[in-house]
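One structure is given here, and the rest of the page talks about it.
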Amino acid sequence: MTRALHAGFYGVILLWSLWPFIWQWVTSVKVPSNISRIPPLLPEHLSAANYSAIFSNETFIRVIWNSIAVGLGATAISLVVGAMGAYGISRLLERGRRWIMLSLLVVLMLPQVSVVTPLYRIVDLMGWGDTLWSLIAVYSIFSVPLVVWVMYQAYEEIPETLHRAARVDGSSEWTIFTRVYLPLGIPGLVSSGLLSLIFCWNEFLFALTFTSSYKARTIPVGISLFSGQYDFPWGEITAASSLVTFPIILIVIFSQKYLVRGLVGSGVKG
Amino acid sequence: MKTEFKNVVIFLGPLLILPALFVIWPLIELMVLSLKHKVILFEIDRWAGLENYQYLLGKDARFWGALGNTLYFTVCSVGLELVLGLMFALYLRFGKESAWIKVILLLPWAIPNVVSARLWQWMLHPEVGIINHVLLTLGWINEPVLWLSDPTLALNAAILADIWKTTPLITLLLFAGLQRIPETILSAAKVDRTPPVRFLFYILLPQLNPMLMTAMILRGLDAFRVFDVIYVMTGGGPANSTETLSIYAYRTYFQSLQFGYGSSIALTQVILMLAMTWIIMNAFSSKWDRS
Amino acid sequence: MGRIDVKNLCMEYNQKRVLDRLDLEVLHGEFLVVLGESGCGKSTLLNLIAGLREPFSGQILFDQRDVTRLDVQSRNVAFVFQDYALYPHMTVEQNIRFPLENLKLNRREIDHKCDGILTRLRLNDFRNQYPNQLSGGQKQRVAIGRAMVRDPFVFLFDEPLSSLDPHLRDHLRLELKQLHKELKKTFIYVTHDQLSAMVLGDRVAFMDDGKIQQIGPPLQLYRSPANIRIARFFGFPPVNVLTATDFERLSGKPAPDSKMKFCIRPENLECRADSKGCFEVQWIQQMGAANFVYISVGKQTICGLGKGSLHKNQKVSCNFKSENLMIF
Ligand SMILES: Nc1ncnc2c1ncn2[C@@H]1O[C@H](COP(=O)(O)OP(=O)(O)OP(=O)(O)O)[C@@H](O)[C@H]1O
Ligand SMILES: [Mg+2]
């Protein structure tokens, strides 16, 4: 009885979460001319036509590279700035921590649309218009608070005596940070790095407004701008979507623990 | 000591300069712009004082419509997500937990908003969408439903997509909260033979309160600034029926190129968000502090 | 040498005085225990001596050299924390090498010193293990080893034994005392546990109200405490404190001064079975080696050492030697 109940509940959760993905894959392997016909639900035979169309599309390849570059660049910057900042807040400040943490949260929660035009001007002034640099810079700003929140949590869990012990042992702050706190904070770094990567991989509004050509457009913009002569080319869209969700599925499967820890860690004290 | 100050500068400098440069400065500029008439196309750029706000709050029916849509979206999606998420979390905690279910729950959350919006758009397609197909086959509807082009349905469709995408996040947060409740309290309740409903309302929920608050505030703010899902699914249409504040501001900036007025909308949105947070935190502050 | 003078030291947290013009002399090579109630500022004092915090005012001298404004790196002290604060991601050997690497010594010198310490503390077999694989005693040795490599001026201990179970604590106390004899360095050990103070200290300094109230060999604090709080702090069961009237009831003699308090330790108050005695046994606490009996004197219950076999409600008479009486 309880087993049947468990099976039932699992079935519901599975269907609810996975069905859209499955439908997306099913659509993507249909023959293009059959896509706008239902029934049949399932494809009569598998076709790679949509995928080959995607791969022969140079802009799409370009867009993927852009996303990877932006994601890695912004994550690297925000990890460095965020880990150092979290260390500073957690171990060097006696007062004002709450204040800083709250204002970082405000940055995290700010509607993107409210800063998009002033940021656009700054990006323009720097000569970064329609380049990857503009996105790297802006994404760093928005993922730094995320990293700080997760890393602050991680550093607060390290006993304070360790910091004092290291000082007594004659270390400079920099040595303490690099030799004690960085190694001990690796799980936190993995968590926050992944969260930041996912954020950069998914961000849409800035990518849409700061870019004007495929030179710097990222995947979400690429997918939103797919257009055909009459209707949307759904076969290609679903194929492209399947492709960009693939790395995310891998990340989720292999680092589920870190992601959950990061999400919960940054949320707990909110 | 001097060295300490140097260290603070080294470690905190970048952290404080970046947001200052890229957030505080933009917000100031936003404030200034919102007091101007600035339309790039006609090269209009002059001071307007509070005129923008007077128009916004007094005469702009579109603004109030957008505010209504935003609130509707926020309340419905966050409310349903909390209920669903709590159910899932309770099941994970007291039914059966597994690492795989977490993976599966994380998937919708992790994919880009744009992708999930396109996905739902495709599933809700009036003629070839799977949802209409299933409903027709089951005989629940007689003719295809125009999910995204019917002004009374479009926003609800977007809410559905949002619930699908973010319920997992809430589930995980609440699950973590449930795991933190000391086992001893649960055992004590069991020894006292607390009936399940009382157990939920008098033991679990009060203990879970901080986590619920966190989830509610974070998700509430996130839903209040919703942009991607709706922009991709409906673009704000049909007939502005899905236009939220973010989308209204975006369209004012980039479609009508009214930078002054757009800034007024955006700033109003920011202020509303701050006010919302403040109200929620204060309304629940007594409970919040105790835990 | 390892002499430390603390002069007129004051410390405040948020306008709250924790140390108030505190004076303390620590002699070369002695094992000094600073004893005091929880929250009286012992850790604060230790942190100030180490240079982990800056005092509000006052002076700290190491061998007559003023180090008050020097920071911790330039003072060369060793600090052993309550939880030992070993670096969990480093092996025993790496933990011990860490301070040497901070000094930027060359490889050969580091290897040499590190090997010496490992051998001396019998840690050679564990050199590649991580702290969470060590027993309590081994952890203590690693912590001390890490402190020793730099040949520090003084060893500071902040209640490192307080969280351990009594047996292990006993064992580690002995080891620590042994180590002190071998190293011939100045040890300052801070605790709120009177037993540790009695066992470990060459001298004990009692701290209260932000000052050192009394300093001397442990027995001196035990036998002739400077005030009633110190008297109360030592000994188990705790000292009996009597008012003048109760004192007269107990001893049958007139009290020398009616405003004073009279203290007598339970082990100095002998209670014998006596059918004509004027006190009655309330209950008996058997400690194995000794039996303590509780009797009523006036409205107070006081504790004495039971002699011979006693049982409840038995009449007893009590006496004590006048040299064991403490009057405040
Ligand atoms: N960083 C600090 N900020 C504010 N007050 C502090 C700080 N550190 C200690 N105090 C206060 O100073 C007093 C003395 O603290 P300290 O830690 O020195 O006591 P202690 O004697 O070591 O106590 P314990 O035996 O519990 O370790 C306490 O009342 C404590 O609350
Ligand atoms: Mg202490």
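What you see is a predicted model; the values in this text were computed from it and never measured. Below, chain A is the first sequence line, B the second, and so on; all start at residue 1.
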Contact origin within [X] toward chain B - heavy atom pairs under 4.5 Å:
| X | result |
| --- | --- |
| A/T209 | side chain |
| A/L259 | side chain |
| A/I122 | side chain |
| A/V80 | neither |
| A/S172 | neither |
| A/F204 | both |
| A/V221 | neither |
| A/I253 | both |
| A/V12 | neither |
| A/V252 | both |
| A/R121 | side chain |

Under a 4.5 Å heavy-atom cutoff, which of [options] has the most pairs with chain B?
| options | value |
| --- | --- |
| A/L208, A/T117, A/T245 | A/T117 |
| A/L119, A/L93, A/V106 | A/L119 |
| A/R91, A/Q112, A/E173 | A/E173 |
| A/F142, A/W23, A/W19 | A/W23 |

As a test of understanding, state which of B/L105, B/V103, B/L106 forms a side-chain contact (heavy atoms from CB on, under 4.5 Å) with A/V260. B/L106
Residue pair [X] / [Y], side-chain heavy-atom distance below 4.5 Å:
| X | Y | value |
| --- | --- | --- |
| B/Y91 | A/Y10 | yes |
| B/I111 | A/W201 | no |
| B/M123 | A/P20 | yes |
| B/L15 | A/I89 | yes |
| B/Q121 | A/W234 | yes |
| A/S114 | B/L30 | yes |

Check the surroundings of atom CZ in A/F254: do more than 12 heavy atoms from other residues, nucleotides or ligands lie under 6.0 Å from it? no
What pair of heavy atoms forms the shortest contact from B/S246 to A/V113, and how long is it? O-CG2, 3.7 Å
Heavy atoms of B/P26 and A/V115 approach each other most closely as CB-CG1, 3.9 Å
As an exercise: rank [options] by heavy-atom pairs under 4.5 Å with chain A and give me the winner.
| options | result |
| --- | --- |
| B/L12, B/I10, B/V270 | B/L12 |
| B/P108, B/A266, B/P14, B/A176 | B/P108 |
| B/L16, B/V23, B/L119 | B/L119 |
| B/F175, B/W109, B/F254 | B/W109 |
| B/D228, B/V128, B/I130 | B/I130 |

Has [X] got a side-chain atom pairing as donor or acceptor with [Y]'s backbone, closer than 3.5 angstrom?
| X | Y | answer |
| --- | --- | --- |
| B/R225 | A/L110 | yes |
| A/N202 | B/A110 | yes |
| B/R118 | A/S224 | yes |

Below 4.5 Å from any heavy atom of chain A, which atoms of [X] appear? Answer side chain, backbone, both or neither.
| X | answer |
| --- | --- |
| B/F224 | neither |
| B/I101 | side chain |
| B/F259 | side chain |
| B/I163 | both |
| B/I247 | neither |

Residues that B/E127 engages under side chain to side chain contact (heavy atoms under 4.5 Å, CB included), provided they are two or more places apart: B/H125
Centroid separation under 6.0 Å, is that true for the rings of B/W120 and A/F21? no
In Å, rounded to the nearest 0.5 Å, how long is the span from [atom1] of [X] to [atom2] of [Y]?
| X | Y | atom1 | atom2 | value |
| --- | --- | --- | --- | --- |
| B/L221 | A/L108 | CG | CG | 10.0 Å |
| B/I104 | A/W16 | CD1 | CH2 | 15.0 Å |
| A/R261 | B/L172 | CZ | CG | 14.0 Å |
| A/M109 | B/T277 | CE | OG1 | 9.5 Å |
| A/L105 | B/L218 | CG | CG | 6.0 Å |

Polar side chain donor-acceptor pair, B/W122 to A/T27, under 3.5 angstrom: yes
Can you say whether the rings of B/F88 and A/F9 are parallel (under 30°), tilted (30 to 60°) or perpendicular (over 60°)? perpendicular
For the pair A/F177 and B/F11, name the ring-plane relationship: parallel under 30°, tilted 30 to 60°, perpendicular over 60°. perpendicular
